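Owing to the predicted nature of the structure, the values given are computational and were not obtained by experimental measurement. Sequential numbering from 1 along the given sequence is applied to the chain's residues. These values consider heavy atoms only, across backbone and side chains, with no hydrogens, waters or symmetry-generated copies.
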Amino acid sequence: MNDTLNALFLRRAVKLFEPVEISSEMREQILHAARQAPSSFNVQPYRMYWIGSAAKRAAVARLCLGQKPAETASALIVVVADIGSMSATTEAQLAWMRRNHFADGKIRDYQRTAKIGRILFMPGPLNMFAALKWVLFWLLNLSKVMGMPPLFRHDLFKWATKGTSLACENLMIAAEALGLNTCPMEGFDGRRLSQYLGLSSRFQEIVMVIAIGKKSHAYIETPQWRRPLEATVTVL
Ligand SMILES: Cc1cc2nc3c(=O)[nH]c(=O)nc-3n(C[C@H](O)[C@H](O)[C@H](O)COP(=O)(O)O)c2cc1C
């Protein structure tokens, strides 16, 4: 089988790890692979916290409800959807385009798109700006085929979670390809873990924590089950 498909089919949520050192080179490779994932408007609306030191790992594992994969992993990656990073990201992309001598027209186009994006994606205090935009879009939609952008703060988090989750999957497949194993977890105390990492509740929400390490020899893997293809796919 092709190497990529092989890593994809081999990946399992591993619940018990044995201690191994993950080199900084390997860590970089895995994180680079994660952010290679596609994201809406290429905004990459996430931040990954790699928890490698023993003391911090133990603290985070406790906030992952003491789950075995968290307690035995070589590192824990807390993956956070970050809806406050959009302006900085678009500025960074503009600077990159200028450094790489993109044509003025292309830079202007991007500046325009980024500005529209900022206006669209700004919920305003108490979501008031979002409510106003929602009414406007709803009225426009009566006579025009159009999509509804993420307007309210919870829509923005949902939007950011899509790109963040794709980065998570990339991260897990990359780890598998490099001979490591992972376990994605949503069993954690989000409030305490956010506090521990100093996250802003307005802009940042933890999507999942990924335990990474080498599968323990003592771990007995359960058979993998998936719904039949016809239960999950409609071919039209
Ligand atoms: C978003 C998400 C949250 C999960 N949370 C946990 C968790 O908190 N603890 C855990 O042991 N496994 C967790 N899992 C792993 C699933 O149980 C596992 O992926 C599923 O049973 C399928 O098994 P497989 O990944 O080995 O194919 C989670 C998986 C996902 C995608």
Asker: Passes side-chain contact (heavy atoms from CB on, under 4.5 Å), Val209 versus Leu63? Steps please.
Answerer: CA-CA 10 Å; Val209 180; Leu63 298 177; over 6 Å; no
Asker: What's the separation between atom CZ in Arg192 and atom CG in Leu65, rounded to the nearest 0.5 Å?
Answerer: 10.5 Å
Asker: For the side chain of Glu71 and the backbone of Gln67, is there at least one donor-acceptor N/O pair under 3.5 Å apart?
Answerer: no
Asker: Can you confirm whether Gln36 is buried at CD, in the sense that more than 12 heavy atoms of other residues, nucleotides or ligands lie under 6.0 Å from that atom?
Answerer: no
Asker: Which distance, rounded to the nearest 0.5 Å, do you find between the CD1 of Ile206 and the CG of Leu193?
Answerer: 3.5 Å
Asker: Hydrophobic clustering (ILVMFWY, side-chain heavy atoms < 4.5 Å, transitive) - are Ile77 and Val60 grouped together?
Answerer: no
Asker: Taking the side chain as C-beta and beyond, is there a heavy-atom pair between Met185 and Pro69 under 4.5 Å?
Answerer: yes
Asker: Considering only heavy atoms from C-beta outward, does the side chain of Arg47 approach that of Ser85 to under 4.5 Å?
Answerer: no
Asker: If hydrophobic clusters are built by linking Ile, Leu, Val, Met, Phe, Trp and Tyr wherever their side-chain heavy atoms come under 4.5 Å apart, do Met26 and Ile173 end up in the same one?
Answerer: no
Asker: Within the supplied structure, the quantity of interest is the number of heavy atoms (other residues, nucleotides, ligands) at a distance under 6.0 Å from Ile220 CD1; does it exceed 12?
Answerer: no
Asker: Output the distance between atom CD1 (Ile30) and atom CD (Glu176), rounded to the nearest 0.5 Å.
Answerer: 10.5 Å
Asker: Val235: which other cluster members, linking ILVMFWY side chains closer than 4.5 Å, directly or transitively?
Answerer: Leu229, Val233
Asker: Within a reach of under 6.0 Å around CZ of Phe152, are more than 12 heavy atoms found that belong to other residues, nucleotides or ligands?
Answerer: yes
Asker: With Lys56, which residues qualify under side chain to side chain contact (heavy atoms under 4.5 Å, CB included), at least two apart?
Answerer: Ile51, Ser53, Tyr196
Asker: What distance do Cys168 atom SG and Ile210 atom CD1 have between them, rounded to the nearest 0.5 Å?
Answerer: 4.0 Å
Asker: List the steps and the verdict of side-chain contact (heavy atoms from CB on, under 4.5 Å) for Met146 and Leu140.
Answerer: CA-CA 8 Å; Met146 55 181 286; Leu140 278 172; 3.6 Å; yes
Asker: For Arg191, check salt bridge (charged side-chain N to carboxylate O under 4.0 Å, His left out) against everything at least two apart and list the hits.
Answerer: none
Asker: Ignoring hydrogens and angles, write down the donor-acceptor pairs under 3.5 Å from the side chains of residues 116-132, residues two or more places apart or on other chains.
Answerer:
unit_1 : atom_1 : unit_2 : atom_2 : d
Arg118 : NH1    : Thr90  : OG1    : 3.3
Asn127 : OD1    : Arg153 : N      : 3.0

Asker: Just verifying a value: how many Å separate Arg27 CZ and Ser74 OG, rounded to the nearest 0.5 Å?
Answerer: 13.0 Å
Asker: Please report the shortest heavy-atom distance between Ala81 and Val207, naming the atom on each side.
Answerer: CB-CG2, 3.7 Å
Asker: Other residues, nucleotides and ligands only: do more than 12 of their heavy atoms fall within 6.0 Å of CG on Asn2?
Answerer: yes
Asker: Quick one: closest heavy-atom pair of Ala33 and Asn170, and the distance?
Answerer: O-ND2, 2.9 Å
Asker: What pairs meet the salt bridge (charged side-chain N to carboxylate O under 4.0 Å, His left out) rule with one or both residues in residues 214-235, with sequence neighbours excluded?
Answerer: Lys215-Glu221
Asker: Would you say that Glu205 contacts Leu199 through its side chain, given a criterion of any heavy-atom pair below 4.5 Å between the two side chains?
Answerer: no
Asker: For the residue pair Ala211 and Ala73, what are the closest heavy atoms and their distance?
Answerer: CB-CB, 3.8 Å
Asker: Going by heavy atoms in the side chains, are Leu94 and Gln111 under 4.5 Å from each other?
Answerer: yes
Asker: Say you draw a straight line from CD1 of Ile212 to CE of Met172; how long is it, rounded to the nearest 0.5 Å?
Answerer: 10.0 Å
Asker: Going by heavy atoms in the side chains, are Tyr46 and Asp82 under 4.5 Å from each other?
Answerer: no
Asker: Determine the minimum heavy-atom distance between Phe9 and Met1, stating which atoms define it.
Answerer: CD1-SD, 3.7 Å
Asker: Give a yes or no on whether Ile22 and Leu178 share a hydrophobic cluster (residues Ile, Leu, Val, Met, Phe, Trp, Tyr; joining criterion: side-chain heavy atoms under 4.5 Å apart).
Answerer: yes
Asker: Side chains of Cys183 and Lys15, heavy atoms from C-beta outward: is any pair under 4.5 Å?
Answerer: yes
Asker: Check the hydrophobic clustering (I, L, V, M, F, W, Y; side-chain heavy atoms under 4.5 Å; chains of links allowed) and say if Leu142 and Leu151 are grouped together.
Answerer: yes
Asker: What pairs with Gln93 under side chain to side chain contact (heavy atoms under 4.5 Å, CB included), at least two apart in sequence or on another chain?
Answerer: Asn42, Trp96, Met97, Tyr110
Asker: Would you mind reporting whether Val14 and Phe17 have side-chain heavy atoms less than 4.5 Å apart?
Answerer: yes
Asker: Has Arg57 got a side-chain atom pairing as donor or acceptor with Gly52's backbone, closer than 3.5 angstrom?
Answerer: yes
Asker: Should Arg112 and Asp109 count as an ion pair when the cut-off is N to O under 4.0 Å?
Answerer: yes
Asker: Which atoms form the tightest heavy-atom contact between Trp159 and Pro45, and what is the distance?
Answerer: CZ3-CB, 4.0 Å
Asker: So which atom in Leu171 and which in Ala34 form the shortest heavy-atom distance, rounded to 0.1 Å?
Answerer: CB-CB, 3.8 Å
Asker: Let me check something: do Phe203 and Met86 share a hydrophobic cluster, defined by ILVMFWY side-chain heavy atoms less than 4.5 Å apart, either directly or through other members?
Answerer: yes
Asker: Heavy-atom distance under 4.5 Å between the side chains of Val78 and Met48, does that happen here?
Answerer: no
